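What you see below is based on every heavy atom in this structure, not just the backbone, and it leaves out hydrogens, waters and symmetry mates. Computed from a predicted model, the values in this text were never measured in an experiment.
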Amino acid sequence: AIAYEDDDLLIIDKPAGMLVHPTTQETRGTIANAVRGLYASRGDTLDFHPCHRLDRNTTGLLLIAKRPEVQYYFTKHRDAVRREYLALIEGRLTPASDIIDAPIARALPSIILRHVALDGKPARTHYETVWTDGKYTLLWLRLETGRTHQIRVHLAHIGHPLLGDDLYGGSTALIARHALHSAQLSLIHPRTRERLTVTATLPEDMAEMLKHISTR
């Protein structure tokens, strides 16, 4: 679904289960295919220029530039975009709000897994507890850096992996995918220089799970 659009930007609310980019094994059914199809249906000659990534099973807001120079602007001005997420974890975090500052590297020989490592790239995640009953917690997170799997790795590192994230030790008893949602994008518009903030409500599976655990 389109969350925002103008002459420069397209922001979509991505569903779970979709890759952003095609791969050699999966050439169809990706966000790139869908966006190019949308442009083609309008008679536009625009191409797909994503400004950041979301994992296949992460839902929510994805910022897409309509032209290469707009994408380049965000590459050069990473602080122009503020990315914030909602996540569900098991347990309670102490303190309730803090910064996870831990470098992230590839967990070799895996080409997928990442882990916290001294020789990794700097990674900082701000978190704030929105709701908790002690057994489960809803977090609001803000990325200061954008490493691959950053939120997933950082929460697993402190002993509270995302619910549903079996890749990093999370329980799949309540949800079959990692419970992470890109809930808000706030950015300085590359042309108008005005601040734009777009939000996306929780997807149905996370909303139902939150309702279930909060009314037990």
Side-chain angles (χ1 to χ4, degrees), residues 1-78 80-87 106 110-114 141 143 145-153 162 164-168 170 172 175-187 189-191 196-208:
I2 296 173
Y4 175 84
E5 185 175 12
D6 62 24
D7 291 342
D8 304 291
L9 308 173
L10 177 67
I11 301 176
I12 63 165
D13 189 352
K14 175 187 160 317
M18 285 186 77
L19 286 174
V20 172
H21 295 278
T23 66
T24 52
Q25 291 80 28
E26 202 165 330
T27 59
R28 297 175 181 272
T30 69
I31 297 297
N33 298 127
V35 170
R36 287 176 179 136
L38 171 69
Y39 292 156
S41 72
R42 298 171 172 176
D44 293 333
T45 57
L46 300 168
D47 202 357
F48 180 65
H49 304 289
C51 298
H52 59 97
R53 297 179 182 183
L54 293 179
D55 294 338
R56 178 197 290 270
N57 283 323
T58 300
T59 56
L61 300 172
L62 177 70
L63 174 62
I64 300 162
K66 289 190 170 180
R67 295 183 304 281
E69 59 268 28
V70 177
Q71 183 186 44
Y72 180 76
Y73 168 84
F74 287 115
T75 301
K76 288 298 182 183
H77 301 88
R78 295 198 177 276
V81 181
R82 183 179 173 119
R83 297 161 56 191
E84 297 176 88
Y85 293 75
L86 284 166
R106 288 182 183 269
S110 173
I111 60 171
I112 297 171
L113 284 169
R114 302 304 198 263
L141 304 122
L143 289 178
T145 54
R147 308 302 174 203
T148 300
H149 295 182
Q150 178 171 319
I151 289 173
R152 301 168 66 184
V153 171
L162 290 169
D165 192 0
D166 56 354
L167 189 65
Y168 290 104
T172 56
I175 190 168
R177 67 162 181 104
H178 58 253
L180 183 63
H181 176 64
S182 175
Q184 184 167 292
L185 278 178
S186 182
L187 58 93
H189 196 285
R191 184 167 47 84
L196 170 68
T197 299
V198 180
T199 59
T201 57
L202 274 179
E204 187 176 351
D205 58 352
M206 283 182 68
E208 282 297 315

J.: Which pair of non-hydrogen atoms, one from Asp165 and one from Arg152, has the smallest distance, and what is that distance?
T.: OD1-NH2, 2.7 Å
J.: Give, for atom OH of Tyr85 and atom CD1 of Ile151, the distance between the pair rounded to the nearest 0.5 Å.
T.: 5.5 Å
J.: Just to verify, what does Asp166 make a side chain to side chain contact (heavy atoms under 4.5 Å, CB included) with, not counting sequence neighbours?
T.: Thr172
J.: Quick one: pull up OG1 in Thr199 and CD1 in Ile11 and give me the separation to the nearest 0.5 Å.
T.: 10.5 Å
J.: Please lay out, stage by stage, how Asp13 and His181 fare under the test side chain to side chain contact (heavy atoms under 4.5 Å, CB included).
T.: CA-CA 10 Å; Asp13 189 352; His181 176 64; 4.1 Å; yes
J.: I need the minimum non-hydrogen distance between Ile111 and Arg106, along with the two atoms involved.
T.: O-NH1, 3.3 Å
J.: Consider side-chain contact (heavy atoms from CB on, under 4.5 Å). Of Ile12, Leu185, Val70, Leu10, which one does Leu63 pass it with?
T.: Leu185
J.: Decide yes or no on side chain to side chain donor-acceptor pair (under 3.5 Å) for Glu84 and Ser186, but give the supporting numbers first.
T.: CA-CA 8 Å; Glu84 297 176 88; Ser186 182; 6.0 Å; no
J.: Give me the atom names and distance for the closest heavy-atom approach of Gly29 to Asn33.
T.: N-OD1, 3.3 Å
J.: Quick one, His149 with Tyr168, criterion ring pair (Phe, Tyr, Trp, His ring centres under 6.0 Å). Give me CA distance, side-chain angles, the key distance, then yes/no.
T.: CA-CA 10 Å; His149 295 182; Tyr168 290 104; 5.6 Å; yes
J.: Locate the shortest heavy-atom distance separating Lys14 from Leu54; write the atom from each residue and the value.
T.: CD-CD1, 4.0 Å
J.: For the ring pair Phe74 and His52, is the centre-to-centre distance below 6.0 Å?
T.: no
J.: Checking Ser110 now: which residues fulfil side chain to side chain contact (heavy atoms under 4.5 Å, CB included) with it, not counting sequence neighbours?
T.: Ile112, Leu113
J.: Can you tell me if Arg67 uses its side chain to pair, donor with acceptor, with the backbone of Asp7 under 3.5 Å?
T.: yes
J.: Ignoring hydrogens and angles, tell me if any N or O in the side chain of Lys66 forms a donor-acceptor pair with the backbone of His49 under 3.5 Å.
T.: no
J.: What I'd like to find out is whether the side chain of Leu187 reaches to under 4.5 Å of the side chain of Leu9, using heavy atoms alone.
T.: yes
J.: Under a 3.5 Å distance rule, please check whether His21 uses its side chain to pair with a backbone N or O of Pro50 as donor and acceptor.
T.: no
J.: Looking at every heavy atom in both Cys51 and Gln71, which two are closest together, and how far apart are they?
T.: SG-CA, 4.2 Å
J.: For the side chain of Ser182 and the backbone of Leu61, is there at least one donor-acceptor N/O pair under 3.5 Å apart?
T.: yes
J.: Could you grab the distance from atom CE of Met18 to atom CD1 of Ile31, nearest 0.5 Å is fine?
T.: 3.5 Å
J.: Would you check, one step at a time, whether the test salt bridge (Lys or Arg N to Asp or Glu O under 4.0 Å) holds for Asp6 with Arg191?
T.: CA-CA 11 Å; Asp6 62 24; Arg191 184 167 47 84; 5.0 Å; no
J.: Run through Thr59, Thr58, Asn57 and flag the one making a side chain to side chain donor-acceptor pair (under 3.5 Å) with His178.
T.: Thr58
J.: Let me confirm one number: the CG-CG distance from Leu86 to Leu141, rounded to the nearest 0.5 Å.
T.: 8.0 Å
J.: Could you measure the distance from the NE2 atom of His77 to the OH atom of Tyr72? Nearest 0.5 Å is fine.
T.: 9.0 Å
J.: Is it the case that atom CZ in Arg42 sees more than 12 heavy atoms from other parts of the structure closer than 6.0 Å?
T.: yes
J.: Return yes when atom CD of Glu204 has more than 12 non-hydrogen atoms of other residues, nucleotides or ligands closer than 6.0 Å, and no otherwise.
T.: no
J.: Specify the closest pair of heavy atoms between Arg36 and Asp47, including all atoms of both residues, with the distance to one decimal.
T.: NE-OD1, 2.7 Å
J.: Where do Arg147 and Val153 land on the side chain to side chain contact (heavy atoms under 4.5 Å, CB included) test, with the steps shown first?
T.: CA-CA 10 Å; Arg147 308 302 174 203; Val153 171; over 6 Å; no
J.: What's the spacing between Gln150 CD and Arg114 CZ if we round to 0.5 Å?
T.: 12.0 Å
